[in-house]
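Atoms within each ligand, like the ligands themselves, are counted from 1 in listed order.
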Amino acid sequence: MATNRTFTMIKPDGVENGHIGGILNMITEGGFRIVSMKLTQLTVADAQKFYAVHSERPFFGELVEFMTRGPIVAAILEKDNAVEDFRALIGATNPADAAEGTIRKKYATSIGENAVHGSDSDENAAIEGAFHFAGREQF
Ligand code: CMP
């Protein structure tokens, strides 16, 4: 069932490099409504749980270290076809492959430090949103 919602994080590199405003501008200009948003920081346990699907990958340790090294912006976004349209807006995982006009083309520096997260399915969008926000924080 399409929920018309997705979940995003501006990752620690995006925050450190001063791109919160630029990335949020691309998100709102892209037609997404902000349902929930906060500046927060993942613990190691949070990151290991969030990225459990990648736990056997060789880059897992590096990924957890990166995602916990500083604050992130977590947000739930709403738009028709939100999951697919947001993945189009952020672009390919590797910024070298990201299309012009995408967030990663503009703000990501490497495949590991790629500025922004976008849920890959409606089911994961709901799980990831609920990981960060209570129902009363969703507007
Ligand atoms: P994302 O697709 O948002 O979620 C999984 C993350 O793992 C991905 O972004 C990257 O940050 C990271 N990742 C994927 N592939 C690699 C890789 N080859 N080396 C380091 N990090 C990676």
Side-chain ([X]) to main-chain ([Y]) donor-acceptor, under 3.5 angstrom:
{"X": "T8", "Y": "H117", "result": "yes"}
{"X": "E113", "Y": "S110", "result": "no"}
{"X": "T6", "Y": "L77", "result": "no"}

Over 12 non-hydrogen atoms of neighbours within 6.0 angstrom of [atom1] in [X]:
{"X": "E65", "atom1": "CD", "result": "no"}
{"X": "K38", "atom1": "NZ", "result": "yes"}
{"X": "K105", "atom1": "NZ", "result": "yes"}

For ligand 1, which atoms have a heavy atom of [X] less than 4.0 angstrom away?
{"X": "N114", "result": "8 (C), 9 (O), 10 (C), 11 (O)"}
{"X": "L63", "result": "6 (C), 7 (O), 11 (O), 12 (C)"}
{"X": "H54", "result": "5 (C)"}
{"X": "E62", "result": "20 (C)"}
{"X": "H117", "result": "3 (O)"}

Return a yes/no value for K11: is any of its N or O atoms, backbone included, closer than 3.5 angstrom to an N or O of ligand 1?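 Yes; at least one N/O pair falls below 3.5 Å.
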Over all heavy atoms of both residues, which pair between T68 and T43 is shortest? Give the atoms and the distance, please.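 Shortest heavy-atom separation between T68 and T43 comes out as CG2-O, 3.4 Å.
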Counting heavy atoms only, which part of [X] comes closer than 4.0 Å to ligand 1: side chain, backbone, both or neither?
{"X": "Y51", "result": "side chain"}
{"X": "R57", "result": "neither"}
{"X": "R104", "result": "side chain"}

Does M67 have a heavy atom less than 4.0 Å from any atom of ligand 1?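 It does not; every heavy atom stays at 4.0 Å or beyond.
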Student check: side-chain heavy atoms of R104 and I111 closer than 4.5 Å: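 No; the side chains remain at least 4.5 Å from each other.
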When rounded to the nearest 0.5 angstrom, what is the spacing between NZ in K79 and CZ in R33?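 So the gap between those two atoms works out to 13.5 Å.
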Report the nearest protein non-hydrogen atom to [atom]: residue, atom name, distance rounded to 0.1 Å.
{"atom": "atom 10 (C) of ligand 1", "result": "I111 O, 3.3 Å"}
{"atom": "atom 21 (N) of ligand 1", "result": "G112 CA, 3.5 Å"}
{"atom": "atom 7 (O) of ligand 1", "result": "F59 CE1, 3.4 Å"}

